[in-house]
Structure formats: structure tokens, C-alpha cells
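Residue numbers run from 1 in the order of the sequence given. This one's a predicted model, so the numbers in the text were calculated from it and none came from an experiment.
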Amino acid sequence: MRGQKTEDILAFLEKNKAQHVAWLTDVHASILFPRTTDMPPEPPSIERPDGLGGGVETLLHLCHVMHRRARDLVEAVRVSGKAGEHDYRAFMAQVCAYFHETGRLERQFWEVLVKTDPLTGVYNRQGMMNDLRREWERALRDGQPACIGLADLDHFKQVNDSFGHGAGDRVLCAAAQLFNQLLRPYDIMYRYGGEEFLFCLPNTDEWSAARVLGRLCHHLAHMPVLVEGPGGRVPITCSIGVARLAPGRSVQEALTVADAALYAAKCHGRNRVEIADGT
């Protein structure tokens with residue numbers, strides 16, 4: 001999920017940077033102490049992680065250009081005994097561009113990692129309120145509806161008590177993965193805390209939100225999770241409360257309203273979606 005992919009990309013960036021530092025040492029040795037038998041230092045060859053974003057692909061393009069300029073520069077030194085100032089400056093400008101982009105990507109992916117729940121791989125509450133306020137402001141500005149849904153896994157304490165916390169963690173991960181698959185591409189999910197998840201549904205009124213989130217309840221109820229121990233299969237359901245991000249209601253107030261709707265869903269039998277009164 002998101003957290004593991006982010007860690008893989010950060011590891012790739014760190015390894016790529018370290019190998020290029022060593023390669024640049026060899027490049028400068030070839031420029032400063034040229035010998036006619038020297039060949040251009042071989043650039044690093046690194047196995048890339050799956051799912052690289054566009055930013056990392058841009059970095060790889062910068063590497064390609066940097067490698068080409070280094071090869072041409074070292075070859076010119078080998079043939080003529082010196083480097084042209086213009087070519088050297090162009091090479092160093094490419095080196096600076098590479099390290100600048102590497103630093104930018106590291107900051108970007110570290111920020112994603114900080115905002116990601118390490119267990120389930122979905123966003124955590126870090127930055128959630130800013131995201132919700134931004135969506136609330138967009139909804140007010142554009143006159144489009146937006147809703148939030150607060151979900152709670154039913155009887156989750158019984159899972160921990162009966163099967164252990166390892167089984168509880170597996171249930172949380174399975175539920176998060178299913179939700180992630182069923183939500184629309186522009187919906188955002190957060191681990192709100194414990195066994196609770198929060199969904200932000202842009203451009204969606206409360207009835208449409210209830211239909212989208214109702215699919216989550218339906219599919220979750222038909223997806224028991226395999227765990228170790230007697231029984232081995234844990235049935236899961238969830239209850240969800242829906243509230244609208246509306247004018248005259250702050251984001252915090254909307255969360256309170258969604259929580260009240262979630263409580264109503266629990267009281268009305270669980271495994272259901274409840275729309276907040278007056279939402």
C-alpha cells in the first residue's frame with residue numbers, strides 16, 4: 001500500500017544518491033588526472049522500485065543527461081588533455097539539478113510517509129483537518145456538495161479479545177485494502193483512530209455518499225478475514241455515519257455530526273450507513 005511504496009522510493013533515492021556520489025568522485029578523478037587509457041567511469045545501474053511517480057521519472061531523465069555529459073567530458077579530456085570550461089560548467093549544472101531534484105523528492109516522500117498510517121498504509125490524521133478544510137472551502141466556493149463518512153468496525157474489541165491483537169491488525173489491514181479498492185479515485189480515506197476510518201467524498205451529496213459507502217458495508221460483510229487460531233475466519237462488518245460539509249457548519253462540527261450518525265447506525269443494528277439528521 002501507500003506506506004510501503006513510499007518507503008521503497010525513499011530507499012531507491014538514498015541508494016541512487018550514494019552511488020552517484022561515488023561515481024562523481026571517479027568522474028572528477030578522470031578529469032583532474034587524465035590518462036589516455038582511461039575510459040569514462042561507468043554510471044550507476046540501480047534496480048528501480050515498482051510504481052515510480054512522474055517526479056522520480058524526471059529524476060531518472062536528469063541522471064541520463066548527467067551521465068551523457070560526464071562521458072563526453074571525460075572523453076574530451078582523454079583526447080585533448082583538458083576540459084573545456086563551457087562543457088564542465090554544463091556538466092556541473094546538471095549535477096546540481098540532479099541533487100536538487102533528489103532533495104525535493106526526498107522531502108516530498110518523507111512528508112507522505114509522515115502522513116501515512118504505518119499499519120494500514122492509508123493516510124492518518126496528520127494533515128487530515130487541513131485536507132477537509134480545503135475541501136470544505138472548495139465546496140463553498142464552487143457551490144458543489146461534499147460529504148464525509150465516519151466508519152467504525154463493529155465489535156472490533158471482540159476480535160482482539162478472541163483472536164489477539166495480531167488478528168485485529170490483520171482485520172484492520174484487510175478492511176482498509178477493501179475500502180481503498182471500492183472508493184472512487186477522487187475519494188480520500190484516513191485512519192481516524194483505532195478501528196475508525198474517515199472518508200472524504202468530494203462533489204457528492206449525502207444520498208450519493210450513502211450509496212458509495214453502502215457498497216463498502218456490503219462487500220466487507222461478505223469478506224471474512226482468515227486468522228490463526230480456533231475458528232480461523234473472522235466475519236467483519238462496519239457502521240458508517242454520513243454528514244455534509246455545509247455552509248454554516250465548521251469541519252469540526254461536521255465531524256461531530258457524522259459521529260452522531262455513526263452512533264445512530266450502531267443503535268439501529270450496525271452494518272449500515274446512517275445519514276445525519278438535517279444534513
Side-chain angles (χ1 to χ4, degrees), residues 1-128 130-131 134 173 176-177 180 185 188-191:
M1 299 187 77
R2 180 184 299 109
Q4 185 58 52
K5 288 181 179 178
T6 301
E7 290 179 0
D8 290 343
I9 291 175
L10 283 168
F12 159 76
L13 291 172
E14 181 63 30
K15 184 176 181 180
N16 187 283
K17 183 171 62 175
Q19 293 197 356
H20 272 93
V21 168
W23 171 76
L24 283 167
T25 300
D26 291 338
V27 169
H28 277 88
S30 297
I31 294 171
L32 294 172
F33 313 107
R35 292 178 300 182
T36 57
T37 57
D38 277 349
M39 296 298 291
E42 192 68 25
S45 177
I46 300 178
E47 183 178 347
R48 300 182 297 172
D50 295 332
L52 292 180
V56 180
E57 293 295 347
T58 299
L59 180 71
L60 295 176
H61 173 71
L62 290 173
C63 285
H64 174 74
V65 176
M66 180 172 62
H67 297 164
R68 188 182 69 243
R69 289 190 182 278
R71 184 177 62 248
D72 294 345
L73 187 63
V74 172
E75 179 64 20
V77 172
R78 188 176 71 87
V79 172
S80 65
K82 64 178 182 178
E85 181 179 352
H86 178 270
D87 292 338
Y88 180 76
R89 287 185 180 276
F91 167 63
M92 288 307 299
Q94 200 65 33
V95 171
C96 290
Y98 161 75
F99 280 105
H100 175 79
E101 183 66 10
T102 297
R104 186 190 71 81
L105 288 170
E106 286 178 327
R107 290 189 297 273
Q108 173 186 320
F109 284 106
W110 271 113
E111 183 177 353
V112 171
L113 194 62
V114 167
K115 293 181 179 180
T116 301
D117 174 51
L119 175 63
T120 61
V122 305
Y123 288 124
N124 58 26
R125 293 182 68 164
Q126 182 86 12
M128 183 192 75
N130 285 337
D131 291 348
R134 184 167 57 248
C173 291
Q177 185 173 17
N180 208 35
I188 308 175
M189 173 173 57
Y190 306 87
R191 186 178 178 192

State, to 0.1 Å, how close [X] and [Y] come at their nearest heavy-atom pair, and which atoms those are.
X	Y	result
A176	M189	O-CE, 3.4 Å
N124	V114	ND2-O, 3.1 Å
T116	V112	OG1-O, 2.6 Å

key: Residues forming a side-chain hydrogen bond (donor to acceptor under 3.5 Å, both in side chains) with E111, sequence neighbours excluded   =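 Result, side-chain hydrogen bond (donor to acceptor under 3.5 Å, both in side chains) vs E111: K115.
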task = Using the six-membered ring wherever Trp is involved, compare the ring planes of H28 and F91 and label them parallel, tilted or perpendicular (cut-offs 30° and 60°).
result = tilted
ask   = Which class fits the ring pair Y190 and Y123: parallel under 30°, tilted 30 to 60°, perpendicular over 60°?
value =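 Plane angle between 30° and 60°, so tilted.
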Close side-chain approach of [X] and [Y], heavy atoms under 4.5 Å:
X	Y	answer
S30	V77	no
L105	F12	no
C173	L119	yes
L73	I31	yes
V95	F99	yes

Partner residues of [X] under the salt bridge (Lys or Arg N to Asp or Glu O under 4.0 Å) criterion, sequence neighbours left out:
X	answer
E85	R89
K17	E14, E106
R134	D131
R191	D117

In Å and rounded to the nearest 0.5 Å, what is the [atom1] to [atom2] distance from [X] to [Y]?
X	Y	atom1	atom2	value
Q108	T6	CD	OG1	9.5 Å
T102	R107	OG1	CZ	10.0 Å
D8	L13	CG	CG	11.0 Å
E7	L10	CD	CG	8.0 Å

Please tabulate, one pair per line, all N/O donor-acceptor pairs under 3.5 Å involving side-chain atoms of residues 59-67, not counting sequence neighbours.
residue	atom	partner	partner atom	Å
H67	ND1	C63	O	3.3
H67	NE2	H20	NE2	2.7

